[in-house]
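Reading through the structure tokens given below for one structure.
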Amino acid sequence: MIDLNAAGTGLGGYDLLAAQLEALLSGERDFIANAAQFSAFLYNQVDDLNWAGFYLNRDGELLLGPFQGQVACVRIPFGRGVCGAAAASLQTQRVEDVHAFPGHIACDSASNSELVIPLLKDGRLIGVLDLDSPKLARFGVEDQVGLERLAGIFLRATDC
Ligand code: SME
């Protein structure tokens, strides 16, 4: 029996999560199905999250996609907030205190830190993966590396 509660912290945790995600997504390539599964997987297996999900690139604007957590803002222009910064720069945004981030969009007042990973397939921006936490500085460098790895598994397993 694998102790799932051990996952989500440290690189060992992300090795386990990577293997679990590969298994979860195997046999299905549909975008909505896999994005919904990935959101639920992250929300339930990664410690201290209050939101996990997708914003999708729709002609230079981010549109809410599959997610877990509180209801959220539906459309975010590129360049606005943490998600918009990730989409505009194509760089992961790891924010220790969202209240100190210029233009942060407070969808859920419980959020204090955030990690947003741009999702690129064959050079195209598909959207961003957004993770929010009520804990300040929830996401360290090892979380960024681990979660970017999981995002890569999702992209390879899914038709986008
Ligand atoms: N806080 C985000 C908006 C999305 S919600 O967190 C789900 C931002 O500033 O881009």
Side-chain angles (χ1 to χ4, degrees), residues 4 7-9 13-14 17-18 20-21 24-25 30-121 123-155 157-158 160:
L4 292 180
T9 49
Y14 285 106
L17 291 178
Q20 291 173 327
L21 183 63
L24 179 67
L25 301 183
D30 181 81
F31 182 85
I32 292 176
N34 282 2
Q37 290 281 62
F38 188 25
S39 303
F41 176 79
L42 290 169
Y43 189 77
N44 288 291
Q45 302 301 344
V46 178
D47 296 338
D48 300 317
L49 297 186
N50 62 311
W51 205 91
F54 290 80
Y55 279 92
L56 305 174
N57 181 4
R58 292 288 181 270
D59 302 321
E61 188 175 46
L62 292 170
L63 178 65
L64 183 64
F67 72 95
Q68 299 275 309
Q70 299 281 3
V71 295
C73 34
V74 176
R75 291 181 186 268
I76 299 175
F78 277 30
R80 252 204 85 209
V82 186
C83 292
S89 66
L90 304 182
Q91 302 289 321
T92 295
Q93 303 293 306
R94 188 165 58 83
V95 180
E96 297 196 336
D97 179 359
V98 294
H99 308 291
F101 190 95
H104 166 250
I105 303 162
C107 292
D108 181 347
S109 61
S111 299
N112 281 312
S113 62
E114 187 161 359
L115 185 77
V116 183
I117 299 171
L119 301 171
L120 290 156
K121 183 112 170 186
R124 280 179 303 121
L125 181 71
I126 305 302
V128 302
L129 177 67
D130 183 16
L131 301 166
D132 287 32
S133 173
K135 280 180 83 173
L136 281 168
R138 162 64 184 85
F139 306 102
V141 172
E142 74 276 16
D143 297 295
Q144 179 175 341
V145 170
L147 290 159
E148 286 176 343
R149 177 179 168 199
L150 298 184
I153 291 170
F154 165 79
L155 287 168
T158 304
C160 304

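Indexing begins at 1, ligand by ligand and atom by atom, following the structure's order. Not measured: the values here are computed from a predicted model.
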Could you go through residues 81-92 and list every donor-acceptor pair under 3.5 Å that involves a side-chain atom there, pairing it with any protein atom two or more places apart or in another chain?
from	atom 1	to	atom 2	distance (Å)
Ser89	OG	Ala85	O	2.7
Ser89	OG	Gln91	N	3.1
Ser89	OG	Gln93	NE2	3.3
Thr92	OG1	Glu148	OE2	2.5

Seminar exercise, completed: What one should report as the nearest heavy-atom pair of Ala72 and Tyr55 is CB-OH, 3.5 Å

Exercise. Counting each atom of ligand 1 from 1 as listed, which ones have a heavy atom of Glu114 under 4.0 Å away?
Worked result: 1 (N), 2 (C), 6 (O), 8 (C)

For this session: May I ask you to check whether Phe54 and Phe154 place their ring centres under 6.0 Å from each other?
Result: yes

Exercise. Just by distance, do the side chain of Ser133 and the backbone of Asp48 share a donor-acceptor pair under 3.5 Å?
Worked result: yes

Exercise. Ignoring hydrogens and geometry, is there a side-chain-to-backbone donor-acceptor pair from Lys121 to Thr158 under 3.5 Å?
Worked result: yes

Seminar exercise, completed: Under 4.0 Å from one or more heavy atoms of Asp130, ligand 1 contributes atoms 4 (C), 5 (S), 6 (O), 7 (C)

Exercise. Which of the atoms of ligand 1 are close to Gly81, meaning less than 4.0 Å from one of its heavy atoms?
Worked result: 9 (O), 10 (O)

Exercise. Does Cys83 reach ligand 1 with a nitrogen or oxygen that is under 3.5 Å from one of the ligand's nitrogen or oxygen atoms?
Worked result: yes

For this session: Indicate, as side chain, backbone, both or neither, the part of Phe67 found under 4.0 angstrom from ligand 1 when only non-hydrogen atoms are considered.
Result: neither

For this session: Return yes or no for this condition: an N or O of Ile105 is under 3.5 Å from an N or O of ligand 1.
Result: yes

For this session: Between Cys107 and ligand 1, find which residue part has any heavy-atom pair under 4.0 Å and reply side chain, backbone, both or neither.
Result: side chain

For this session: Please check if the side chain of Ser113 supplies one atom and the backbone of Arg138 the other of a donor-acceptor pair under 3.5 Å.
Result: yes

For this session: Consider every N or O of Tyr55 and every N or O of ligand 1, then say whether any pair is closer than 3.5 Å.
Result: no

For this session: Take atom CZ of Arg80 as the centre, draw a 6.0 Å sphere, and report whether it contains more than 12 heavy atoms from other residues, nucleotides or ligands.
Result: no

For this session: Compute the shortest N/O to N/O distance between Asp132 and ligand 1 and return yes if it is under 3.5 Å, no if not.
Result: yes

Exercise. Which atoms of ligand 1 sit under 4.0 Å from any heavy atom of His104?
Worked result: 1 (N), 9 (O)

For this session: Work out which heavy atom in Cys160 is nearest to a heavy atom in Phe31; give both atom names and the distance.
Result: SG-CD1, 4.0 Å

Seminar exercise, completed: At under 4.0 Å between heavy atoms, what of Asp108 touches ligand 1? The answer is neither

Exercise. Do any N/O atoms on Val82 end up under 3.5 angstrom from N/O atoms on ligand 1?
Worked result: yes

